[in-house]
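Working notes, beginning with the structure itself.
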Amino acid sequence: MLNHQDLGLQDKQLIKHFSYINGSWHSSELQIDVTNPANGEVIARVANAGVAETELAIKSANDAFKMWSSKSANERAVIMKNWFDLMIQHQDDLARILTLEQGKPIAEAKGEIAYGAAFIEWFAEEGKRIYGDTIPGPSNDKRIIVIKQPVGVVASITPWNFPNAMISRKAAAALAAGCTFVVRPATQTPLSALAMAELAERAGIPAGVFNVVVGDDARGMGEVLTQHPDVDKFTFTGSTAVGKSLISQCATSVKKVSMELGGNAPFIVFNDADIDAAVKGALMSKYRNAGQTCVCTNRIFVQSKVLEDFIEKFTAAVSALTIGDGLIDGINIGPMISSQAVEGVDKLVKESVAAGAKVILGGEIDKAGNAFYQPTILTNVTNDMPIASNEIFGPVSPIISFEDEDEVITMANDTEYGLAAYFYARDIGLIWRVAENLEYGMVGINEGAISNAAAPFGGVKQSGNGREGSKYGLDDYLEIKYLCLGGLDK
Ligand SMILES: NC(=O)C1=CN([C@@H]2O[C@H](COP(=O)(O)OP(=O)(O)OC[C@H]3O[C@@H](n4cnc5c(N)ncnc54)[C@H](OP(=O)(O)O)[C@@H]3O)[C@@H](O)[C@H]2O)C=CC1
Ligand SMILES: O=C(O)[C@H](O)CS(=O)(=O)O
């Protein structure tokens, strides 16, 4: 196992080994090996918390709720701004920790830290704008008043692919609303979450307000987080399959729920598109994080007149991508999260080739190691092939040709998912018709990178419910209370 000196951090105190509960580090036997997916090296060992620690974290959050929610929005904003400043100040170390445990290229990891911190900055300010209403009543002896109040204790479970930003996207809104927060991060990537807790403590976030419980008993800890009577809201980011199970667990106590789940994004190139811009957008939306994002392009639809031109230019661009250890400057494609994930992607490719798809680039596990999959392009793909009907979650571009607008909208919508979609066109009538007819929560028009703190991130159909980021992102952490003030005519 590497010791802290080998991790190359400026601030070695950012590597934490124990869950953070009620403002203290809960020591117990170090049982979970955190490994670098690029080489399988153990970079740290962390304590394996479980149900008991999860219950303690919920109790701590519940005990802290009155204190935190009674602070003014300004008071909370000052503390959150400290947290934002510390995240930015330690951006390089946080990015290095992230790449070491998750694998993404260091430039992307730095981008994730800035993206994650942006939610803290955004919601520190947004918390000051939690407005209520007065509504003209049915008679002059009454007044109708609406106030908004924090829902209470928020529990969350987050995935490995964005181990910093998926936590801050939730915690920032929760804390700004006056809620307290418990997160159980993915077992493979706990270090980013624990580093966030270290900086939260330094920022002055009071004990019990932000808690991180790390453990490999996902199911047992999840049952507590979704069913404990002191949890008022549950929020999850991860696969649709797990999300469905968690929603049903929340039903037992009718908890507020928000879900950011899987996707199957279409990327449509129309005949009148700027092909160079479309190639750039497809590269960004497909190969970010080695294709391991829920908003990654999953199917590329190209209209027949521009098919050959697009394939030629896109193939040249993908061929230029470099694959290797994410810590090496200039690497575009790091390892996937595990060799098992690589095998899953390779299986989809091989099954689709057997069904008639053609590999024109890549299509194999890379010589860099068993967690590396070559940036791949398949042509002659149909919408019913495994590579098109499944969420790939890997660096593979299936290209499907089409003739007309109605045909491609039908194919693009033919999925249970509805998270992100993208298309490139210039005719304004076409743009409006396609934007309105795509059944997705987010649509990139002549743009392949659409995620930012100001925008409402979320999906429809089986990609989830609720929105994260933007002014809408607070709604999931607030309750509306109606006050009827009567007897005013005396
Ligand atoms: N919509 C969005 O914003 C996002 C969606 N996703 C989707 O998630 C999938 C890939 O991410 P991945 O992490 O593999 O997804 P998973 O759903 O397998 O895991 C997500 C989290 O849920 C935990 N978990 C798994 N099973 C259970 C359970 N039965 N009870 C409680 N918790 C559980 C995992 O813990 P552990 O790690 O210990 O297994 C992890 O922390 C893809 O479908 C992707 O689209 C991912 C990121 C963002
Ligand atoms: O987990 C994910 O896939 C993220 O939500 C994608 S993004 O927010 O970084 O675009």
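No hydrogens, no waters, no symmetry mates; every other heavy atom, side chains included, goes into these values. First listed ligand is number 1; within each ligand, the first listed atom is number 1. Counting begins at 1 with the first residue of the sequence.
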Between Ser451 and ligand 2, which part of the residue brings a heavy atom under 4.0 Å of the ligand: side chain, backbone, both or neither? side chain

Do me a favour and list the nearest non-hydrogen protein atom to atom 3 (O) of ligand 2 with residue, atom name and distance? Cys294 N, 2.7 Å

Taking both backbone and side-chain atoms of Ser245, is any N or O found less than 3.5 Å from an N or O belonging to ligand 1? no

Location of contacts on Met166 toward ligand 2, heavy atoms closer than 4.0 Å: side chain

N or O contact, Thr237 vs ligand 2, cut-off under 3.5 Å: no

Nearest non-hydrogen contact with atom 16 (P) of ligand 1 belongs to which option: Cys296, Pro159, Ser239? Ser239

Quick note, side chain to side chain donor-acceptor pair (under 3.5 Å) partners involving residues 386-396, not counting sequence neighbours, are none

For atom 8 (O) of ligand 2, the closest protein heavy atom turns out to be Tyr115 OH, 2.6 Å

Please indicate whether any nitrogen or oxygen in Gln188 is less than 3.5 Å from any nitrogen or oxygen in ligand 1. no

If we set the cut-off at 4.0 Å for heavy atoms, which region of Asn289 has an atom near ligand 2: side chain, backbone, both, or neither? neither

Determine whether any heavy atom of Arg169 lies closer than 4.0 Å to an atom of ligand 2. yes

Could you list all the ring pair (Phe, Tyr, Trp, His ring centres under 6.0 Å) pairs where at least one residue sits in residues 217-251, not counting sequence neighbours? none

Report yes if some N/O of Phe457 lies less than 3.5 Å from some N/O of ligand 1; otherwise report no. no

The closest protein heavy-atom partner of atom 9 (O) of ligand 2 is Arg288 NH1, 3.1 Å

